[in-house]
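Take a look at the structure set out below.
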2 protein chains.
Amino acid sequence: MIRENANITYSIAAVERDTGLSKDTLRVWERRYGFPTPERDENGERLYPGDQLERLRLIKRLLDQGRRPAALMKCGEAELAALLGSSETAAAGIDDPDFIARRDEVLGHLRAHRSSALRSTLGQAFMKQGLQAFVTDTVAPLNVAIGEAWMRGEIDVPGEHQYTEQLQNLLRAAIGGQASSNGRPRILLTTFPEELHALGLLMVEAMLVPEGAQCVSLGTQTPLADIRSVAVAGNYDVVALSFSAAFPARQAIDGLLELRAALPGTVAIWAGGCAVRNKQRRLPGIRVIAALPDCVSALRDWRVRNAA
Amino acid sequence: MIRENANITYSIAAVERDTGLSKDTLRVWERRYGFPTPERDENGERLYPGDQLERLRLIKRLLDQGRRPAALMKCGEAELAALLGSSETAAAGIDDPDFIARRDEVLGHLRAHRSSALRSTLGQAFMKQGLQAFVTDTVAPLNVAIGEAWMRGEIDVPGEHQYTEQLQNLLRAAIGGQASSNGRPRILLTTFPEELHALGLLMVEAMLVPEGAQCVSLGTQTPLADIRSVAVAGNYDVVALSFSAAFPARQAIDGLLELRAALPGTVAIWAGGCAVRNKQRRLPGIRVIAALPDCVSALRDWRVRNAA
DNA sequence: GAATCATTTTGTCCTGGACAAACACTTGAC
DNA sequence: GTCAAGTGTTTGTCCAGGACAAAATGATTC
C-alpha cells in the first residue's frame with residue numbers, strides 16, 4: 001500500500017472527481033443503502049473518510065463491469081476484491097511468460113516512478129513485436145493489469161498518468177511515422193459525447209494505419225451531428241466508434257442506429273468495445289468489432305467488397 | 001455559421017457537459033438573474049434551446065477571463081462579443097504578417113476539416129521556426145485565435161479536436177526526438193487537480209527539452225500529496241506547475257504555498273499561467289513564469305545558481 | 001433461443017433554503 | 001503610492017427529500 005489513508009477526509013466534490021460517481025448518486029446511495037456513511041463538518045457538509053473513498057472506487061469499477069449496486073453494498077471488503085478478480089482474468093495473453101515478465105517490469109517502474117526506464121521497456125516491446133502485435137499482445141492486457149494494480153492500491157495517480165503519457169508518446173510517434181495521406185479507406189475515428197478514454201482510439205488507429213488505411217481521429221466526445229457533417233464533408237469511407245465498458249449499452253445502440261440513419265449507405269460504420277459486444281444482431285448495417293485484431297479483418301472485408 | 005441551431009433542445013446534463021457550468025450553477029442563475037430561461041418538457045425537466053446554449057458558452061468563456069456573472073447577464077449579444085474581442089488581442093505576434101498568413105491558413109483548414117493539410121501547415125511552421133520559436137510565436141497566439149474563432153461559431157467541436165490532436169502529435173514527436181535521460185535539471189511538470197488542458201504542459205515541455213533539461217510530465221490533475229511524493233522519490237530539481245485563466249487565483253496561491261512548505265528547499269518550484277501572473281510578491285520561494293519564453297530564463301538562472 | 005410485457009432497481013432531476021468562499025471596496029499604516 | 005486588514009456583496013456549492021424515467025430483471029409466449 002502506497003496510498004496513505006491517514007485521517008484525511010474528502011468533500012463530496014472530491015469524491016465525485018475521484019470516483020466518477022455523481023453527487024446525486026452519492027447522496028441517494030446513502031439514503032437508500034446506508035452506504036457510504038460520511039461524517040459531517042460543523043456546517044453539515046459530508047466528509048468522506050479515505051477508506052470509504054477507496055471502497056467507492058472499487059464499487060464503481062465493479063459497476064462498470066455490469067454488477068449492480070444493491071448487491072455490492074452488502075459485500076465485505078474481501079468479497080468485493082474476489083468479485084473483481086473473478087471477471088477480469090479472461091483477457092488474452094495472460095499466460096504468456098514473455099508478457100508476464102514484461103508486465104511485472106512495467107508495474108515495478110510505475111511503483112517507483114522510473115519514467116525513463118518505463119519508456120525504454122515499452123519501446124523495446126514495441127521494437128520487438130511491431131506496432132500491431134505490440135498493441136494486441138502487450139498494451140491491451142497491460143491496461144487490464146494496470147487497472148487491477150490501481151484498484152489494489154499498488155499504483156498511484158501519477159503512476160497511472162505516467163503510463164498513459166508514455167504510451168501516447170510511443171503510439172503517436174509510431175502512427176505518425178507510417179501515416180499515409182491518400183490510402184483507402186479513409187476512416188474517421190471517434191467516440192460519442194460521453195466517452196473519455198483517448199487511449200482506446202489511439203490503439204485502434206495503431207492497428208489500422210500499418211494496413212495502409214488513412215485514419216483521422218477526432219478525439220473523444222464528438223456530438224452526433226458533428227460526426228455526421230464531418231463524415232459527409234470529408235468524404236470518408238468508414239466511421240469507427242469506440243465504447244468503453246462504462247458506456248450504457250442501450251445508449252450506444254440507439255446512438256449507433258441514429259447515426260446509421262443519418263449517414264449515406266456508402267459510408268460504413270464500425271463499432272467496437274465492451275458495450276456493443278454480442279450486439280451484432282441488434283445493429284443491422286453496422287460492423288461490430290469484437291476485439292482489437294478484428295479491426296484488421298474488417299478492413300480487409302471492406303477492401304474486398306469495394307474493390308473497383 | 002456552421003453550427004445548425006434548428007429547433008434542437010438540450011437537457012441540463014448536456015448543457016453541463018458542453019459548457020462546463022454545473023447543474024447547480026445553471027439552476028441558480030435562472031433563479032437569480034432570470035437567465036437562462038429553458039423550456040420544460042411534459043415532465044417539468046429543463047430543455048435549453050440551442051441559442052441559449054450558445055450564449056452560455058460565450059458567458060463561460062468571459063467568466064474564465066475574470067468577468068463576473070451579474071454584469072454579463074445584462075449584456076446583449078453584441079456587447080458580449082465585443083467584450084470578448086477587447087481583452088484577448090493583447091497576445092504577442094498579432095501584428096506579424098507571417099503569423100497572420102499562417103493563422104488564416106490554419107483556420108481555413110479547420111473550417112473545412114482538411115486534416116492532412118492542417119498537419120502539413122503546422123509541420124512547415126515547425127520546420128521553419130524550430131521548436132521553441134514555433135511554440136512561442138505560432139502556437140501560443142494561434143491558440144488564442146482559435147478560441148476566438150470557436151466563440152464566433154466559425155469552428156466546430158471536431159475542428160477544435162482536430163487542431164489539438166495534430167498539435168499534440170507534432171509536439172510529442174518533437175519532444176520525444178530530443179529527450180535526454182540524464183540532463184539537468186530534472187523537471188517535474190504537472191498541474192493541480194482542477195486543471196484540464198494538457199496542451200499548455202506540452203508547450204512548456206517543448207520549450208525546456210531543447211535546452212537539455214530532463215522533463216517528466218505527470219499529465220494534468222495531480223493531487224498535491226502525490227506531487228510531493230513523486231518529487232522527493234524521483235530526486236527532482238524542479239517542480240513546474242501550470243495554471244490556466246479559469247483557475248481561481250486564491251486557490252493557486254494557497255496550493256503553491258502549501259506545496260512549498262511540503263517540499264525540501266533544494267527543490268525549486270516554478271509556476272506559470274494567467275492565474276499567478278503578477279503574484280510574485282505573494283509567493284516567496286517560488287519562481288513565477290510570466291510568459292512562455294521566461295521558462296528558458298528560469299532554466300538558465302537555475303543552472304547558474306546550481307553550477308557545481 | 002428470441003421477442004414482449006410487467007416489475008423492480010437505479011440514476012437523474014426537481015425546488016428552495018442555507019452558507020462559505022471569492023471578490024470588490026474602504027480604511028489605516030508604512 | 002503600495003500593502004495589509006476589515007467590511008459588505010456576489011457567487012458557487014451543498015443539503016434534504018420527493019418524483020419519475022430509463023435500465024435491468026424476470027416471466028411469458030412464440
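Numbers restart at 1 for each chain; the letters A, B, ... are given by sequence-line order, proteins then strands.
Residues A/V15 and A/Y10 come closest through the heavy atom pair CG2-CB, 3.9 Å. Contact detail for B/P36 and B/W29: the closest heavy-atom pair is CD-CB, 4.2 Å. For the residue pair A/C295 and A/I289, the shortest heavy atom distance occurs at N-CG2, 3.7 Å. The two residues A/E160 and A/I146 make their nearest non-hydrogen contact at CG-CG2, 4.4 Å.
Regarding B/K74, its NZ atom lies at a distance of 14 Å from the C1' atom of D/dT11, rounded to whole Å. The distance from atom CD1 of B/I12 to atom C1' of D/dA19 is 16 Å, rounded to the nearest whole Å. Atom CG of B/D41 is separated from atom C1' of D/dA19 by 13 Å (rounded to the nearest Å). The distance from atom CD of B/E45 to atom P of D/dG18 is 18 Å, rounded to the nearest whole Å. Distance, A/L56 CG to C/dG11 P: 12 Å, rounded to whole Å. Rounding to whole angstrom units, CD of residue B/E42 and C1' of D/dA19 are separated by 14 Å. Rounded to whole Å, atom C1' of D/dG12 lies 12 Å from atom CE of B/M73. Here D/dC14 presents its P atom at 11 Å from CZ of A/R17, a figure rounded to the nearest Å.
At a threshold of 4.5 Å between non-hydrogen side-chain atoms, the residues B/D18 and B/Y48 do not count as touching. Using a 4.5 Å heavy-atom threshold, the side chains of B/E45 and B/R40 count as separate. Side-chain contact check for B/I59 versus B/P69: every heavy-atom pair is 4.5 Å or farther apart.
With salt bridges taken as basic N to acidic carboxylate O contacts below 4.0 Å, none links A/E30 and A/R27. Between A/D301 and A/R287, at least one side-chain nitrogen of the basic residue sits less than 4.0 Å from a carboxylate oxygen of the acidic one, meeting the salt-bridge criterion.
Residue B/Y33 places at least one side-chain N or O closer than 4.0 Å to OP1 or OP2 of D/dT11. At the phosphate of C/dG11, neither OP1 nor OP2 sits under 4.0 Å from any side-chain N or O atom of A/S22. Contact annotation: B/N43 side-chain N/O to D/dA21 OP1/OP2 distance is under 4.0 Å. Contact between the side-chain N/O atoms of A/K23 and the OP1/OP2 oxygens of D/dT13 is not found at any separation under 4.0 Å. Residue A/R40 has a polar side-chain atom (N or O) positioned under 4.0 Å from OP1 or OP2 of D/dA16. The side chain of A/R67 places no N or O atom within less than 4.0 Å of a non-bridging phosphate oxygen (OP1 or OP2) of D/dT25.
Using a distance-only test at 3.5 Å, with no hydrogens or angles considered, no donor-acceptor pair links the side chain of B/R55 to the main chain of B/G76. Looking only at distances, a side-chain donor or acceptor of A/Q52 sits under 3.5 Å from a matching main-chain atom of A/T37.
Within 6.0 Å of atom CZ in A/R305, 12 or fewer heavy atoms from other residues, nucleotides or ligands are found, so the atom counts as exposed in its surroundings.
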Between N or O atoms, less than 3.5 Å apart, protein on one side and nucleotides 2-4 of chain D on the other: list the pairs.
unit_1	atom_1	unit_2	atom_2	d
D/dC3	OP1	B/R281	NE	2.4
D/dC3	OP1	B/R281	NH1	2.4
D/dC3	OP1	B/R281	NH2	2.6

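Remark: B/D24, B/T25, B/V28, B/W29, B/R32 in residues 24-32 of chain B come within less than 4.0 Å of DNA chain D through at least one heavy atom.
Annotation: the terminal axes of the helix from C/dG1-D/dC30 to C/dC30-D/dG1 meet at 50°, where each axis is the rotation carrying the C1' atoms of four end pairs onto the next four (5 pairs per end, rounded to 10°).
Each of A/R68 and A/A14 was matched to the nucleotide of DNA chain D holding its nearest heavy atom; the match closer to the 5' end belongs to A/A14.
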